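In this text, all values refer to a predicted model and were calculated from it rather than measured experimentally. All chains are named by letter (A, B, ...) in the order of the sequence lines, taking the proteins before the strands, and each is independently numbered beginning at 1.
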Amino acid sequence: MRTVKEPGSAHSGLSDWYWQRLSAVVLAFLLPLPFFLMLMVFSGAVDQQGLLDILDHVASRVLHTLLILALMVHAYMGLKVILEDYVHMLAWRIPLIATMLVVMGGFGIWWLALIWAWA
Amino acid sequence: MNEQPVKYHRPLSPRISIYRWRAPMLASIAHRASGVALVLFVPLYLWLLHGMTSSPDHYDATLTWLHSLPGKCSLWLVGVALVYHFSNGLRFLLIDVGWGESRDMMRFSALVVLLIAVFASLLFAWLLFL
């Protein structure tokens with residue numbers, strides 16, 4: 001990294017790399033939270049009212065929204081790299097990446113709707 | 001173009017059938033596998049979130065499913081994938097900022113994150129199934 005001087009001919013060579021890392025750092029802070037919450041619900045330490053109180057809080061909603069955005073960026077970049085590496089036919093690769101982005105957008109919107117739905 | 005570049009038939013990304021089985025190679029391919037597993041868990045997470053935030057009956061049904069064998073196996077899988085992807089992700093970030101870039105350090109840190117994943121898989125199996 002320290003030896004990279006030029007950003008490449010398109011001058012956007014750092015863009016994917018940067019977004020992948022930025023979203024990774026955000027996820028590293030945020031993703032453990034819902035996982036631990038899920039374990040607490042599983043073990044019975046938090047009941048439904050407790051869970052709703054946590055999820056309803058405006059801070060949780062904002063953090064959850066940030067998590068969704070970072071997750072979408074991160075998952076899109078990650079799956080894109082995997083498809084680019086293993087799918088060599090451009091006629092398959094480009095529609096696959098596009099489909100993935102649209103499906104992911106759909107799940108993201110559904111997720112946001114779930115988070116912000118309850119009054 | 002004056003000269004045709006020499007073509008090397010070497011993959012730039014981890015290939016199970018071509019790359020030698022070494023700890024850093026395993027760490028890299030496992031990062032992809034765990035990443036895909038985590039993406040596949042998202043629809044299930046949304047289904048759980050949807051079930052647990054609606055009526056109390058729906059909540060109980062969702063919790064009952066989570067305690068069933070498929071539910072526990074899903075939790076185990078996502079737990080192990082998350083711990084591994086998290087640990088190896090931090091390793092990648094540290095390598096990105098220039099820490100542990102030597103071959104020996106790459107091998108050592110790959111071994112460390114793989115051992116963390118093995119430990120996590122045993123811990124989650126113990127917590128969920130015993």
Side-chain angles (χ1 to χ4, degrees), chain A residues 1-4 17-18 20-25 27-29 31-32 34-39 41-44 46-52 54-56 64 67-68 71-72 74-79 81-86 88 100 103-104 106-115 117-118, chain B residues 11-16 28-29 31-36 38-60 62-63 65-67 71-72 74-76 78-79 81-83 85-90 92-99 101 124 127-128:
Chain A
M1 181 190 174
R2 283 171 296 191
T3 56
V4 176
W17 185 92
Y18 172 73
Q20 185 76 334
R21 268 72 186 171
L22 174 65
S23 55
V25 172
L27 287 172
F29 282 104
L31 201 53
F35 182 69
F36 286 124
L37 185 60
M38 193 166 66
L39 288 184
V41 169
F42 176 85
S43 71
V46 173
D47 63 358
Q48 189 180 18
Q49 196 52 53
L51 176 70
L52 288 175
I54 293 170
L55 289 175
D56 272 354
H64 216 149
L67 171 81
I68 294 164
L71 192 61
M72 280 177 62
H74 198 77
Y76 172 69
M77 301 259 162
L79 290 183
V81 168
I82 293 178
L83 288 173
E84 282 169 350
D85 275 346
Y86 302 120
H88 298 289
M100 180 188 85
V103 170
M104 228 173 239
F107 272 111
I109 291 166
W110 180 28
W111 197 342
L112 283 173
L114 270 179
I115 294 306
W118 330 298
Chain B
L12 292 170
S13 48
R15 307 257 159 168
I16 296 169
S28 180
I29 201 94
H31 198 72
R32 294 195 158 180
S34 56
V36 171
L38 288 170
V39 171
L40 292 178
F41 185 75
V42 167
L44 186 61
Y45 177 81
L46 286 182
W47 180 74
L48 291 173
L49 193 66
H50 177 72
M52 290 182 162
T53 52
S54 55
S55 69
D57 284 348
H58 213 149
Y59 176 87
D60 291 338
T62 312
L63 202 58
W65 181 84
L66 210 52
H67 280 270
K72 282 184 175 181
S74 311
L75 270 185
W76 181 83
V78 77
L82 182 64
V83 167
H85 205 84
F86 185 93
S87 314
N88 196 51
L90 289 186
F92 278 168
L93 285 174
L94 289 174
I95 291 170
D96 281 337
V97 295
W99 182 87
E101 279 179 318
F124 284 129
L127 286 175
L128 287 169

Non-hydrogen atoms of chain B under 4.5 Å away: do they reach the side chain of A:L71, the backbone, both or neither?
side chain
If one checks every heavy atom of A:F42 against chain B at 4.5 Å, the contacting part turns out to be both
[X], part contacting chain A, at a heavy-atom distance under 4.5 Å:
X: B:H31; result: neither
X: B:S54; result: backbone
X: B:L48; result: side chain

Where do B:Y59 and A:V46 come nearest, in terms of heavy atoms and distance?
OH-O, 3.5 Å
Check B:Y45 against A:P34 and note the closest heavy-atom contact, atom names and distance.
OH-CB, 3.3 Å
List for me each residue that meets ring pair (Phe, Tyr, Trp, His ring centres under 6.0 Å) alongside A:H64, sequence neighbours excluded, and say none if there are none.
A:W111
Verdict with reasoning, A:I115 to B:L49, per side chain to side chain contact (heavy atoms under 4.5 Å, CB included)
CA-CA 9 Å; A:I115 294 306; B:L49 193 66; 3.8 Å; yes
What I'd like to find out is whether the side chain of B:R32 reaches to under 4.5 Å of the side chain of A:Y86, using heavy atoms alone.
yes
Sorted by chain and number, sequence neighbours left out, side chain to side chain contact (heavy atoms under 4.5 Å, CB included) with A:P32 holds for A:F36, B:F86
Worked verdict on A:L55 versus B:M52 for side chain to side chain contact (heavy atoms under 4.5 Å, CB included):
CA-CA 11 Å; A:L55 289 175; B:M52 290 182 162; over 6 Å; no
